[in-house]
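Have a look at the structure below, then the notes.
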Amino acid sequence: MHQLSRRSFIKNAGGTGIALWLGINIRGNGIITTTNIVATNIIESGNFTPYILVESGGGITIFNTKPEMGQGTFQSIPAIIAEEFEVSLDQVTIKNTNGEKPFGNRQRAGGSSSIRTNYTDLRKVGASAKEVFIKAASARWQVDESSCYAENGKIIHKPTNRNFTYGELVADASKLELPKEPKLKDPKDFKILGKLAKRPDVPLKTNGSAQFGIDVQVPGMLYATVARSPVIGGTLKSFDATEAMKIPGVEKVVQVERIMGRYHSVGLAVIANSYWTAMKARRMLKIEWDNKGYENFNSVDYEKHLRELSGEEGVPDKTIGSVDSLNLPPEHTIEAFYETPMVAHHTLEPINCVAQVRGDQVEIWTSTQVPSSITGSGENDVHKYIGFAPDNIKLHSTFVGGGFGRRLNVDYVIEAVSIAKNFSQPVKVLWSREDTTEFGPYRPMTFSQLKGGFSEDGKLISFQHKVISPSFQEGMNSQFDIKKVDGTMVEGIGEQAYEIPNIKTSYVRADFHVPVAAWRSVTSSTLAFCHECFIDELAHKANKDPMNFRLELLSKPSDTKRVLLKMKEFSHWDEQLPNNKGRGVAQWEFFAGLCAQVVEVTVQPDQSIHVDKVFAVIDLGEVVNPDNVKNQVEGAIVMALGAAVKPGITLQDGKCMQHNFYDNPLIRIQEVPEVEVLILAEGGKVKGVGEPGLPAFAPALANAIFAATGNRIRKMPFDLKKV
Amino acid sequence: MISLNVNQKVYQVDVDPNMPLLWVIRDFIGLTGTKYGCGVAQCGACTVHLNGEAVRSCVTKVSRAEGQKIVTIEGLSENNDHPAQLAWQQIDVPQCGYCHSGQLMSAAVLLRENPNPTDEDIDIAMSGNICRCGTYLRIRKTIHIAAEIQKTKTKTAV
């Protein structure tokens, strides 16, 4: 167990000989300033994030600070650096960081942000590193820098072909000033970015050697399972563990508090010498729960409550023009109410965490999207809840078997440390699939009231979208001012590119005691459904083709317009479909990125709907790994399909009614449509990949079903056999 | 004491005979390639071969496996080069990767029984394996590739 000072970190990680660290100083708005460190020096500045380590012995390591959860950062983050640094990924060792302080407080993967917020910085790191090695080599040879170039980890003197490897230049390079504004490569010279590239983590995932949090084994490890209040919101009242303790192999039964934002609940942990034994003993516990009145909570009643709340004015979000002063005749307006359910994340790797406490030190092993929150010293970081100084928290951050936003939360880490305090051995806390399903958090349901109105000459001039839902921010922070709009619950609805002169978006908050969390694409996963289906309803009211209707609202140049025009072509939108088929379009732009989809469906002889094909156009600005982008969009569509057509999460008598995949099913191989993805990487703002493929799917599907059947769907989930 | 033959190696484990094979393999033998996803044979992440048949180890009592031939993902090939593994690597099938041990173990049995599977054959054989990341289109495509690789390997086998 070691102190995590920079000094020891550099010494331990640097290997033999001299090591050169190159990275980003994140002070000053991320302006690249690189610092040289020789192994015996100490970095004094607090904001230096090393990305490249070059050792005089020849080793090159590139660090990936964004946890790999299938979105491809293990390859894509190093690829950006490697491209400019003129090394191939075969020549380097890639290491995932573990929340260590030198790597900064942005060791988090979420919000589709890994590439889009770091693209240029990462290129600059690689380019600056390359330039300093050119400087070093040209000085050694006493030649002009312009006569040297970098290729495959070497600096080559063009006229004579003599060369040095980066390793051979480390000592010289470490004495030089690093360029602050390096020259970036011309994209036409890219060897890695935008090209077919293999992901180095794939072979580890084909032979069982990739280690996930759940696979961690530490000598002497005990196993724990936690009984939590079946009524969500309840807490432990009393218990009798006598029978449980009789089972051979059971060590202890301890109380443990679960903390997630404003959600607090005490449960009972059983710790034993194997998971199976701990589960056996847990079934023998006699527990009395204090349900605190939450046993009266039912989803059905709550949904009625949300419908009633839709009559309230709510808090304004975005206001353009004045919808209220238009006084449009009723025959020029339409109104609709949309409902979407709670859903579970169902990361296939269930929630887990190993923790070991030794005095004032704690060591943690887990799958997480937020290493920085576990080791960090911020207000909302884990240290505050577990009572350890940040410097005394050591994390091992593994490959993640699915994040989807669930693993942005650290409730299970806090729980595990709390249990581990009772032991000297490491303790692995494992949540069963039932635990992972029954206790939340969930994506909150959102209900939407939409109104639209046309002018005398048929132009859409008025659009209102009121969201009625629980508040995610309030769920995470009991201090949240509920008189203000929760921006996370209205994301995107006031920001679509459609040119409508009068827009009013607003939010009505509903009280909710159930833990909620961001679910892939967050609230866009529900709001895009309402918003884009309603745009279709308006198109229908105006007697216009839905694609043309949208394009008519996009007279000015915009990313959305560009994407929809491409989609019109890509999906053969204007080609006639047979009578029993239909197609629908939707697009969504939000914090994560922009994607449009067209879905084609067939009405089967038995009137059920078959989802045939999805065309997806994703706007990226720049593309790092095109094949990985396709994988992500295909995957997002599958996830969106599941949320659209499979039963959601419901509560009755305060308890979650779903337990495992037999009553909360996921999409299986035989249910997936064909997918074709078109990537637009035409420069401009860099947009994200992980989430954008999700929101546009459900509305495109519902719009396709309307086109094929004339039936308008305003509620998710919907049964493809019965629409 | 229960004697288990896993990947051609014999292990003696002192466990409850009712303990599912999955936990014995993971927690007692220490082979963590076989995954826990649901515990009720719904997701397939725990798939191993028992005398060549694909079984869900989460619902297979260890007593059933005693003295039988068990193969886990770690034993599917010597060098990560079973035709299915090579195919999986060829087109970068996995995303998070958690389900793919189970996917590969199911696919290996399919390919052995049916060297020329159609899309429908693949869907039926693989319908018990859930992928939350949604890599299904790639799984279907890669099994066709694996079938081709298997043909070439068989041809050149001595």
Side-chain angles (χ1 to χ4, degrees), chain A residues 68-72 198-199 201-212 214-217 223 274-277 280 345-350 399-404 430 432-434 627-628 631-632 634-639 641-642 660-662 665-672 674-675, chain B residues 15-16 18-20 23-24 26-28 30-40 42-43 45 72-74 76-77 79-80 82 84-86 88-101 104 120 122-140:
Chain A
E68 170 62 69
M69 49 181 173
Q71 87 285 46
K198 305 308 291 297
R199 291 175 23 238
D201 51 319
V202 168
L204 303 173
K205 293 171 177 176
T206 61
N207 69 355
S209 65
Q211 190 185 63
F212 299 85
I214 201 174
D215 301 326
V216 166
Q217 296 177 316
Y223 297 78
S274 82
Y275 178 64
W276 185 247
T277 305
K280 252 203 320 205
H345 297 75
H346 282 314
T347 58
L348 200 66
E349 178 198 2
F399 282 116
V400 179
F404 312 127
L430 187 43
S432 65
R433 176 59 50 190
E434 288 78 7
D627 184 58
N628 189 49
N631 207 345
Q632 284 300 295
E634 290 162 12
I637 286 168
V638 172
M639 195 166 242
L641 176 60
N660 206 314
F661 297 131
Y662 48 77
L666 299 181
I667 296 291
R668 294 178 183 270
I669 191 170
Q670 65 271 26
E671 300 172 272
V672 300
E674 259 185 79
V675 176
Chain B
V15 296
D16 180 345
N18 288 320
M19 187 181 293
W23 300 113
V24 180
R26 287 182 56 83
D27 295 344
F28 288 83
L31 294 168
T32 56
T34 308
K35 306 300 187 195
Y36 166 68
C38 71
V40 292
Q42 285 286 303
C43 77
T72 68
I73 184 67
E74 291 91 342
L76 185 62
S77 70
N79 298 304
N80 209 354
H82 183 281
Q85 288 169 316
L86 293 174
W88 248 250
Q89 290 156 33
Q90 199 177 112
I91 62 168
D92 275 4
V93 177
Q95 289 183 27
C96 85
Y98 193 75
C99 75
H100 286 277
S101 297
L104 280 155
E120 209 193 330
I122 292 170
D123 282 4
I124 292 170
M126 303 300 291
S127 63
N129 287 84
I130 287 177
C131 173
R132 185 45 162 165
C133 296
T135 65
Y136 297 120
L137 291 171
R138 290 182 181 234
I139 291 171
R140 220 189 264 143

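By convention in this document, chain letters (A, B, ...) are assigned in the order of the sequence lines, proteins followed by strands, and residues within each chain are numbered from 1.
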Please classify the contact between [X] and chain B as side chain, backbone, both or neither, with a heavy-atom cut-off of under 4.5 Å.
| X | answer |
| --- | --- |
| E634(A) | both |
| V400(A) | backbone |
| L430(A) | side chain |
| Q71(A) | neither |
| D627(A) | both |
| F399(A) | neither |
| V216(A) | neither |

- Audit row: R138(B), D92(B), salt bridge (charged side-chain N to carboxylate O under 4.0 Å, His left out) steps and yes/no: CA-CA 8 Å; R138(B) 290 182 181 234; D92(B) 275 4; over 6 Å; no
Inter-residue atom distance [X].[atom1] - [Y].[atom2], 0.5 Å rounding:
| X | Y | atom1 | atom2 | result |
| --- | --- | --- | --- | --- |
| Y136(B) | I130(B) | OH | CD1 | 5.5 Å |
| Q95(B) | R132(B) | CD | CZ | 12.0 Å |
| E74(B) | S101(B) | CD | OG | 7.0 Å |

- Query: With sequence neighbours excluded, what pairs up with L86(B) under the side-chain contact (heavy atoms from CB on, under 4.5 Å) test?
  - Reply: D81(B), Q89(B), I149(B), K153(B)
- Message: Checking F28(B) now: which residues fulfil ring pair (Phe, Tyr, Trp, His ring centres under 6.0 Å) with it, not counting sequence neighbours?
- Response: none
- Query: Can you tell which of V40(B), V24(B), L76(B), I139(B) has the highest number of heavy-atom pairs within less than 4.5 Å of chain A?
  - Reply: V40(B)
- Message: Taking every non-hydrogen pair under 4.5 Å, which of G72(A), G208(A), S274(A) racks up the most with chain B?
- Response: G208(A)
